[in-house]
Structures are given as structure tokens and as C-alpha cells.
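Every chain is numbered from 1 and lettered A, B, ... according to where its sequence line falls, protein lines coming before strand lines. It should be emphasised that the depicted structure is a prediction, and the values quoted were computed from it without experimental measurement.
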Number of protein chains: 2
Amino acid sequence: MAQKDTVKSILNAAEELFSERGFAETSLRNITTKAGVNLAAVNYHFGSKKSLIQAVFARFLTPFCEDLEQELDAVQAQLDGHVPQLPGLLMLLSQTALRAGHDSPRRLGIFMRLLGLAYTQGQGHLRRFLQKEYGPVFKTFMRLVTAATPELSDEDRFWRIHFMLGATVFTLSGADSLTAMAEHDLGKGSDIAQVVDKLIPFLASGLNAPHQAG
Amino acid sequence: MAQKDTVKSILNAAEELFSERGFAETSLRNITTKAGVNLAAVNYHFGSKKSLIQAVFARFLTPFCEDLEQELDAVQAQLDGHVPQLPGLLMLLSQTALRAGHDSPRRLGIFMRLLGLAYTQGQGHLRRFLQKEYGPVFKTFMRLVTAATPELSDEDRFWRIHFMLGATVFTLSGADSLTAMAEHDLGKGSDIAQVVDKLIPFLASGLNAPHQAG
DNA sequence: AACTGTTTCAAACATACGTTTAAAACGAGA
DNA sequence: TCTCGTTTTAAACGTATGTTTGAAACAGTT
């Protein structure tokens, strides 16, 4: 019991509620009620609402980035002068991400939603926090992607990477409603892992598109 | 003077502030101060904050959708039994969109940001409003896209359309910060129109990707 | 059993919000 | 100039928020 359970259930409740309604629309009273703890517990354990938000991100991102860093090091080690292959890099990234929400695959969707919120919603403190804390791993990944796509100009590569990021964050963050739509429109739902499977060829093909026409 | 100016400056201020901070984080006091009007003016002219939000969307979307509908009718008329071509459809959409923010191209970025917010942020009333008001035009467009991509399964097409939507909304809504990043990283900025130019081959190639591998 | 540091709790605090109100200012038509 | 409907204004209302407080409950140690 004691501290660990309170902290954990606050994080669980906050993660879910934030992803459903956004940060500003979720009150500490919503969170503490859902978590079954006292209102003051958030400020006692985390200090402020802002710190709670950052803690929610850190709980997911820290293990994910450590894992990813290891995987990337492994790739770099066995490269041995060879050029890395793009589909492999994408697979590796998606596999690591799927693994990060190891208890339920739904958790990746929840987290992608949070990530989308972090970018669209104001929350300047959050962007600064994420950049400072997890920027380096992203840089490492980008270096490998650059090596894997030598035929692209720096400019094209820059923009296409962000196109890919957009397609990913948007669809995975809306996966719940999108699979519901898919089920309704064509009688065929999908889970997150299947959506990722569909996403990868789309992204790989887009990244390697010819420069001008389609 | 009189009504028109007050209403207009409220809409202008709201559009900009909403796109910068989100809906919940922008107070009516922020908006009225920026607009240089009295606090009560919003409730007097629009009725409530919710209605203001919808009015911001309507001001952009209504002329855009009317324009798009005409263009689509024209395409359909001159089809004459032929199959529509995908790149043409995408161009048509992007041109219409760029035209909708006719005074400044920056406005399209602002509006895309709002669109992203509408999806990520709670705002159930907004999604219902958008669906009811502008759903039909979207359906028409989708019918043409379906005709233009007969080789795709309904499932693949459904998901890839949303991948495209995600890449578009995400990058155009973040165009301001992204072009700043691009300028910093590779000494080469871009305006919205140029980003759209880069986007189209990426999207077209992704939509036509082979089913399995990349 | 008494003490100590930590965690929980109910209650209150100050602040910011969206909305309402009633009076004042305005502008066009008689 | 007076009138009437519209618009603007300053002030207030009720509510919900994040945060703080001080006492109570708890767990481990001597």
C-alpha cells in the first residue's frame, strides 16, 4: 500500500482522462475522484498539475527511450559499414513503441493521443520538457534514417519525416474512433497493431516518393 | 462601424488565439481584450463561447465548402464516363483550400491547427456541428477518390485516406514552427504553398503503395 | 507504549472563468 | 429634437478551478 499505490493510481487516472478530454478540461478533482484518492494528493506527491502532466509523459517515455536507445545501438553496432535499411528502422521503431505499452496495446493509442495534445495544445512547458529530456534519442534515430535515405535532399527528408510523424500520431491517437468508423463503414474493425501494419507500407512509400509528380 | 466591426474583430481575435492556445485555454477576456471590445460583446453577439467556436469554423468552412462543391460538380460533369485521376483530385482540394484563406496564406495554417484541435480536444459539440454541416461535401469528394483508386480495397483506402489526413493536418497546422525548424536546421524556410507542393507527391505515393512491403 | 516522520483527509483559500444585468451611449427615422 | 431599437459598457453573479492548511491517521523504531 502506501505511497506507491496512490502515486500509481493518480498516474493511471490522469493518463486516461487527459487522453480523453485534454489537459485543461481535466480537473484535479476528476483525476483524484477516478483514482479514489484525496484531492490534495496530487499537490502533495507531484507538486502541481504541470508536474503531474510531465510525470505522465515521463512514465511512458523514459522506459521507451531507454529501450529504443539500446535497439539503435545494437543496429549501429552490427551495421559494420553497411547502410541501414529504412523499412527495418521503421519496424524497429513501431515494435519498440508497441512494446512500451506492454500491458495493453490500447495504451499506445492513449499515449499517441497525449503526444498529439502536447503539440496542438498550448503547453509550452511540455514541449520544452520533452525536447530537453528525449531530444537526443530522436537525433540518433534521425541520423540512421538519414543514412538509410541517401538519395533524398535534406529538405525533402525533413518534410517527409514530419509527414510521416503526422500520419502516425493522428491515426494512432484517433485509433479508437477510427476503428469504430471502420467497423461501421465497412464492417471490419482493427486493433492498433493492425493499423501499424497498414501504416508502414504507406509511410515507406511516401518517404521514397519521386521528387515531383505522384 | 457598428455591429459588423465588433463581430469581425471578435472572430479574428478568437481565430488567432484559439489556434495558438486551444479552446479551453483561451478565455473570453483574452479574446475581447485582443479584439478591443467589451467582454459582454461575445455573449451579446454570439450567445455563448460554444457558439463562438462554431462561428469561427463556419466563417472559414462555409465559403470553402461551397467553392469545393462547385469544383467537384465541374469535375464530375466533364468526366463523361471516364475515371477521375487522383493527383488531379488532390491538387483541386489543395488549391481550393489555399484559395479559402485568400487574404493571407498563413490563414490556412491557422485553420488547420483549429481542425486538429477540433479532433484532439474534447469539444464533442464541435465534431457534431462539423459532421452535420459539412459531411455531405466530404462524402462527394470521397466518392470521386474511390472512383480514382479502383485497385484499392475499401479497407486499405479507408485507412490510407486517414493517413493522408493526418499528415496534412499535422504538418500544415504546425507549419509555423516547422518552417522555423527547417530554417534553423537547413537554412531553408518554406511557406504553406511550398509545403503543400511537397506534401502532394508524398500523399499520392503513399495512397498507391503496394499492399504489403515498402 | 510512546515517539517520529510520512501520508491522508476535510475544509478553506484565492483566483479565474462564462454569463447576466441594468444602465448608458449611440444612430437612424419622424 | 425627440424617440425607439440596437449596441456598448461597467459591474456583479455564481461556479469551478488549482493550491494551501492544519489536524488526523498511519507505520516503523526504540
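- Distances shown here put every side-chain N or O of Thr6(B) at or beyond 4.0 Å from the OP1 or OP2 atom of dT7(D).
- In this structure, Asn38(A) reaches the dA10(C) phosphate: one of its side-chain N or O atoms is under 4.0 Å from OP1 or OP2.
- At dT19(D), one or more side-chain N or O atoms of Asn43(A) fall inside 4.0 Å of OP1 or OP2 (strictly under the cut-off).
- Between the side chain of Thr62(B) and the main chain of Arg59(B), no donor-acceptor pair closer than 3.5 Å is present.
- Remark: C1' of dA16(D) and CD of Glu25(B) are 16 Å apart, rounded to the nearest angstrom.
- Side-chain N/O atoms of Thr149(A) and Arg157(A) include a donor and acceptor closer than 3.5 Å.
- The residue among Leu39(B) and Tyr44(B) whose nearest nucleotide of DNA chain D is located toward the 5' end is Tyr44(B).
- Taking side-chain N and O atoms only, His45(A) has a distance below 4.0 Å to OP1 or OP2 of dT8(C).
- Look at NZ on Lys49(B): it is 19 Å from P on dT15(D), rounded to the nearest Å.
- Comparing Ala40(B) and Asn30(B) along DNA chain C, the residue whose closest nucleotide (by nearest heavy atom) sits nearer the 5' end is Asn30(B).
- OP1 or OP2 of dA16(D) has not a single side-chain nitrogen or oxygen of Ser27(A) nearer than 4.0 Å.
- Between Phe57(B) and Phe23(B), the ring planes are tilted. Angles from 30° to 60° get that label.
- Counting any heavy atom pair closer than 4.0 Å across all strands shown, Thr32(A) reaches no nucleic acid atom.
- In this entry the distance linking CG of Asp5(B) with C1' of dT8(D) reads 14 Å, nearest Å.
- One atom, CZ of Arg29(A), and another, C1' of dT15(D), lie 11 Å apart when rounded to the nearest Å.
- Separating the CD1 atom of Ile31(B) from the C1' atom of dA16(C) is a distance of 15 Å, rounded to the nearest angstrom.
- Residue Ile10(B) contributes atom CD1, which lies 14 Å from atom C1' of dT19(C) at whole-angstrom precision.
- Judged by distance alone, the side chain of Ser205(B) and the main-chain N or O of Ser205(A) form a donor-acceptor pair under 3.5 Å.
- Using modelled atom types, one finds no donor on one side chain facing an acceptor on the other under 3.5 Å when comparing Ser9(B) with Asn12(B).
- Residues Val37(B) and Leu28(A) each lie close to DNA chain D; by heavy-atom proximity, the contact nearer the 5' end of the strand is made by Val37(B).
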